[in-house]
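Both ligands and their constituent atoms are indexed starting at 1 by order of listing. We count residues from 1, following the sequence as given.
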Amino acid sequence: MTVDPTKPYDDQNIFAKILRGEIPNNTVYEDAYALAFHDINPQADLHILVIPKGPYVSWDDFSEKASDEEIAGFVRAVGKVARDKGMVVRGYRWLSNVGRNAGQEVAHLHVHLFGGGPLGPMLSK
Ligand code: 5GP
């Protein structure tokens, strides 16, 4: 079922459990603002998820309610992960699904980082 981004945050979502250490993950990077780990079902040669530490349902929720410090910290972390994983030189894609039309499945903001090889067209119809 896809996420309704207008609903309040539910701390039983899978990424909240990962943040609390209740479910294992393959961590790439962690700081005060963000956790980055490999996607369990990669859609590219390199597919990393970056999530904020705070309780935000989606990019919409985060951009409206997060503090400037959280936003700056998170954006810097996403950039650092891509840089540190060597994704900048060859190019990469940043994507964040919000709600039904985008097919968002997990109700905790996550940025997908895709790289490691050519990614094809941005969208297919
Ligand atoms: P969405 O469709 O919400 O934008 O993306 C959710 C992503 O989370 C999917 O790419 C899916 O493979 C990934 N995912 C779902 N459950 C887990 C999990 O338990 N661990 C990890 N590492 N990734 C997960």
Side-chain angles (χ1 to χ4, degrees):
M1 208 164 91
T2 53
V3 169
D4 179 348
T6 66
K7 291 258 172 72
Y9 186 82
D10 174 2
D11 70 3
Q12 291 309 303
N13 75 76
I14 197 108
F15 292 169
K17 292 179 181 177
I18 284 177
L19 277 174
R20 291 195 295 268
E22 295 166 11
I23 291 177
N25 73 91
N26 194 343
T27 298
V28 168
Y29 175 78
E30 182 167 16
D31 66 19
Y33 303 101
L35 177 70
F37 50 92
H38 289 282
D39 196 292
I40 203 167
N41 182 24
Q43 303 296 309
D45 290 346
L46 189 54
H47 183 176
I48 296 169
L49 299 171
V50 192
I51 67 175
K53 291 272 174 92
Y56 301 102
V57 175
S58 69
W59 165 251
D60 177 67
D61 192 24
F62 184 71
S63 60
E64 184 185 15
K65 296 181 190 144
S67 68
D68 290 356
E69 182 182 339
E70 287 175 293
I71 291 171
F74 181 66
V75 171
R76 292 235 188 254
V78 176
K80 180 170 171 49
V81 168
R83 227 172 290 123
D84 289 355
K85 296 302 285 182
M87 299 170 93
V88 176
V89 174
R90 296 175 70 191
Y92 70 99
R93 183 169 294 154
W94 149 319
L95 181 151
S96 189
N97 291 315
V98 179
R100 189 183 38 179
N101 277 355
Q104 183 183 359
E105 287 175 357
V106 180
H108 184 112
L109 168 61
H110 46 287
V111 165
H112 297 260
L113 292 178
F114 301 106
L119 297 167
M122 190 161 62
L123 295 172
S124 58
K125 274 200 154 186

Which atoms of ligand 1 are found less than 4.0 Å from any heavy atom of [X]?
X	answer
V106	3 (O), 6 (C)
Q104	3 (O)
N41	12 (O)
H112	1 (P), 4 (O), 5 (O), 7 (C), 10 (O)
G103	2 (O)
N97	1 (P), 2 (O), 4 (O)

Does any N/O atom on L49 come nearer than 3.5 Å to any N/O atom on ligand 1? no
Determine the interplanar angle of the H47 and H112 rings, folded into 0 to 90°, and report it as parallel if under 30°, tilted if 30 to 60°, perpendicular if over 60°. tilted
Verify, without hydrogens or angle tests, whether R76 (side chain) and Y33 (backbone) share a donor-acceptor contact under 3.5 angstrom. no
Tell me, which protein residue and heavy-atom name are nearest [atom], and how many Å apart are they?
atom	value
atom 13 (C) of ligand 1	D39 OD2, 3.4 Å
atom 8 (O) of ligand 1	F15 CZ, 3.4 Å
atom 5 (O) of ligand 1	H110 NE2, 3.1 Å
atom 22 (N) of ligand 1	H38 O, 2.9 Å
atom 19 (O) of ligand 1	I14 CG1, 3.7 Å

Option of least heavy-atom distance to atom 15 (C) of ligand 1 (set: T27, I48, I40): I40
With a 3.5 Å cut-off and no angle check, do the side chains of Y56 and E64 form a donor-acceptor pair? no
